[in-house]
Amino acid sequence: MKKIVFFNNKGGVGKTTFTYHIGYALEKIGKKVLFVDADPQCNLTTQLCADNVIEREWGENGNSIYKAVEPIVTGAGDVKMIKPYKIEKRNIWVIVGDLFLSDFEPELTNAWTQLLAGMERGFRVTSAIYRIVENFGEEQDIDYVLIDIGPNMGALNRSILLGCDYYFIPVVPDMFSLRGIQNIGRIFANWILNYQRSLERIKNPDFLCVKGIPKFSGYISQQFNRYRKRETKAFVNWGQQIPAAIKEYVVEPLEVEELKDYKLVNNQKDYKFAEFRNYNSLIPMAQTSQKPIFELTAKDGVIGGHIVYVKECGREFEEIAEKFCDILDD
């Protein structure tokens, strides 16, 4: 089981859309997939689940991600092992998001202070969501866990990122998206180093906690504007700056002497993992139909030239899914 996060400190880079599509593409090639919506905005959940399903998971079933950590928030006990929702007729499960998850943030902030002091509770609280994922993943023999998080460097995202195995950075070729990656490597390096030092202090813990060695595995360039099959000039300009920015602001801070033994970067000649085009009107159509673009049909409103784009999207994501497996199985 491999746990993956798609993250950028800048919102609007298409991370949720990409997470959703790569998950379905992986399932189509025979993998078992668990989606985890750890963004209190719940955009991934609304893409995956009908309103009545979400209401039921929040209410009578009590299986949302917040319900899992609610005992910690209220002081009633440890994390609750919830049952993720299964997508009908698919090998896809979802840990449903919840707006109340933001209530967990103060607990995680306090836990970090405790963790740095070598206190067991700090490690247990920081690892709460990780333990839920591990429990269900082993039970169902999940291949890939895809975790959606918000665009910030808060305590919640820190706990998720320290608990993942790999992360990718979605980037739109514009000024703001590039700005959003400039503190990722530096902050991640600080988190990892502090966590590993704290872990050394408690020596061989007899409880499950995050490993704290997430590996950067590439970036995804998204939402190109095209005219006659060529990217527009502005996007080309910013796009050309991405490789150097990734190397300077992500790769180099993770390869400093103090961290070299953890091997925090996947060895690649080119850190560009994939390119995900903006399929324009097909994206809202897919959201309305609660399907990936490559599974849309005439019943969903696909007509004329859209049919070609649906097929192109299918081919694109089949290639991305195969490459994804190759990189992470390397």
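Starting from 1, each residue takes its place in the sequence as its number.
Linking ILVMFWY residues whenever their side-chain heavy atoms come closer than 4.5 Å, directly or via other members, leaves Val210 and Met119 in distinct clusters. Under the 4.5 Å side-chain heavy-atom criterion for ILVMFWY residues, a single connected hydrophobic cluster contains both Phe6 and Tyr166. Residues Val33 and Ile87 fall within the same hydrophobic cluster, defined by Ile, Leu, Val, Met, Phe, Trp and Tyr side chains chained together at heavy-atom separations under 4.5 Å. At a threshold of 4.5 Å between side-chain heavy atoms, the hydrophobic network of Ile, Leu, Val, Met, Phe, Trp and Tyr places Val145 and Ile213 in one connected group. Put simply, Trp191 and Leu254 are part of the same group of oily side chains (I, L, V, M, F, W, Y) that touch within less than 4.5 Å, one to the next.
Looking at heavy atoms from C-beta onward, Lys28 lies out of side-chain contact with Phe317 at the 4.5 angstrom threshold. Considering only heavy atoms from C-beta on, Cys313 stays 4.5 Å or farther from Leu282 through its side chain. In this structure the side chain of Val302 never reaches within 4.5 angstrom of the side chain of Thr297, judged on heavy atoms. By the 4.5 Å heavy-atom criterion applied to side chains, Ser221 and Val171 are not counted as neighbours. Pro214 places a side-chain heavy atom less than 4.5 Å from the side chain of Ile192. Under the 4.5 Å side-chain criterion, counting only non-hydrogen atoms from C-beta, Ile242 is not in contact with Tyr271.
Taking the six-membered ring where the residue is Trp, the centroids of Phe188 and Tyr167 are separated by under 6.0 Å.
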Assess the residue pair Val69 and Ile129 against the criterion (side-chain contact (heavy atoms from CB on, under 4.5 Å)); give the C-alpha distance rounded to whole Å, side-chain angles, the decisive distance to 0.1 Å, and a yes or no.
CA-CA 8 Å; Val69 299; Ile129 293 173; 4.1 Å; yes
Any chance you could lay out the side-chain contact (heavy atoms from CB on, under 4.5 Å) test for Phe294 and Tyr24, step after step, and finish with the verdict?
CA-CA 9 Å; Phe294 49 76; Tyr24 271 82; 3.9 Å; yes
Decide side-chain contact (heavy atoms from CB on, under 4.5 Å) for Thr126 and Cys209; before the verdict, give the C-alpha distance in whole Å, the side-chain angles of both, and the deciding distance to 0.1 Å.
CA-CA 8 Å; Thr126 298; Cys209 61; over 6 Å; no
Evaluate Val133 against Val36 for side-chain contact (heavy atoms from CB on, under 4.5 Å), listing each step before the verdict.
CA-CA 8 Å; Val133 169; Val36 180; 3.9 Å; yes
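Of the candidates Asp103, Leu101, Val125, Val73 forms a side chain to side chain contact (heavy atoms under 4.5 Å, CB included) with just one, namely Asp103.
Scored by the side chain to side chain donor-acceptor pair (under 3.5 Å) test, Glu252 finds Lys247 as partners (sequence neighbours excluded). Judged as a side chain to side chain donor-acceptor pair (under 3.5 Å), and not counting sequence neighbours, the contacts of Ser64 are Asp98. Scanning for side chain to side chain donor-acceptor pair (under 3.5 Å) contacts around Lys89 gives an empty result, with sequence neighbours left out. Applying the side chain to side chain donor-acceptor pair (under 3.5 Å) rule to Thr46 yields no partners; only residues at least two apart in sequence or on another chain are considered. In this structure Glu105 satisfies the salt bridge (Lys or Arg N to Asp or Glu O under 4.0 Å) test with no other residue, sequence neighbours excluded.
Here the closest heavy-atom approach between residue Phe136 and residue Trp93 is recorded as CZ-CD1, 3.4 Å. Contact record, Ala189 with Pro253: CB-O, 3.6 Å, taken as the closest heavy-atom pair.
Between the side chain of Ser177 and the main chain of Pro173, no donor-acceptor pair closer than 3.5 Å is present. Asn8 places a side-chain N or O within 3.5 Å of a backbone atom of Pro170 that can act as its donor or acceptor partner. With Asn63 contributing its side chain and Ile82 its backbone, the two residues share no donor-acceptor pair below 3.5 Å. With hydrogens and angles ignored, the 3.5 Å screen pairs a side-chain donor or acceptor of Gln290 with a backbone N or O of Cys49. The main-chain N or O of Asn91 is found under 3.5 Å from a side-chain atom of Glu27 such that the two form a donor-acceptor pair. Looking only at distances, no side-chain donor or acceptor of Gln47 sits under 3.5 Å from a matching main-chain atom of Thr17. Checking side-chain atoms of Asn135 against main-chain N and O of Ile132 turns up no donor-acceptor pair under 3.5 Å. Formation of a donor-acceptor pair under 3.5 Å by the His21 side chain with backbone atoms of Ile293 is found in this model.
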For residues 149-163, run the donor-acceptor check on the side chains, cut-off 3.5 Å, and write out each pair with its distance to 0.1 Å, sequence neighbours left out.
unit_1: Asn152; atom_1: OD1; unit_2: Gly154; atom_2: N; d: 2.9
unit_1: Asn152; atom_1: OD1; unit_2: Asn157; atom_2: ND2; d: 3.3
unit_1: Asn157; atom_1: ND2; unit_2: Gly150; atom_2: O; d: 2.7
unit_1: Asn157; atom_1: ND2; unit_2: Asn152; atom_2: O; d: 2.8
unit_1: Ser159; atom_1: OG; unit_2: Leu156; atom_2: O; d: 2.7

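Within the structure, salt bridge (Lys or Arg N to Asp or Glu O under 4.0 Å) contacts touching residues 308-322 (residues at least two apart or in different chains) are Arg277-Glu312. Applying the ring pair (Phe, Tyr, Trp, His ring centres under 6.0 Å) rule to pairs touching residues 192-215 yields Phe123-Tyr195, sequence neighbours excluded. Evaluation of the ring pair (Phe, Tyr, Trp, His ring centres under 6.0 Å) test over residues 36-75, restricted to residues two or more places apart or in two chains, returns Tyr66-Phe100. For residues 31-52, the salt bridge (Lys or Arg N to Asp or Glu O under 4.0 Å) pairs, not counting sequence neighbours, are Lys15-Asp39. The list of salt bridge (Lys or Arg N to Asp or Glu O under 4.0 Å) pairs with a residue in residues 278-287, not counting sequence neighbours, is empty. Under the salt bridge (Lys or Arg N to Asp or Glu O under 4.0 Å) criterion, the residue pairs touching residues 110-134 are Lys3-Glu134, Asp78-Arg131, Glu107-Arg121, Glu120-Arg124, with sequence neighbours excluded.
Other residues, nucleotides and ligands contribute over 12 non-hydrogen atoms within 6.0 Å of the CZ atom of Arg90. For NZ of Lys291, the number of neighbouring non-hydrogen atoms (other residues, nucleotides, ligands) closer than 6.0 Å is greater than 12.
A distance of 11.0 Å separates CD1 of Ile147 from CG of Leu44, quoted to the nearest 0.5 Å. Atom-to-atom distance recorded for Lys10:NZ and Ile169:CD1 is 14.5 Å, nearest 0.5 angstrom.
Note: Phe168 and Phe273 have tilted aromatic rings, judged against thresholds of 30 and 60 degrees for the angle between ring planes.
A salt bridge is absent between Glu200 and Arg197; no separation between the charged side-chain nitrogens and carboxylate oxygens falls under 4.0 Å.
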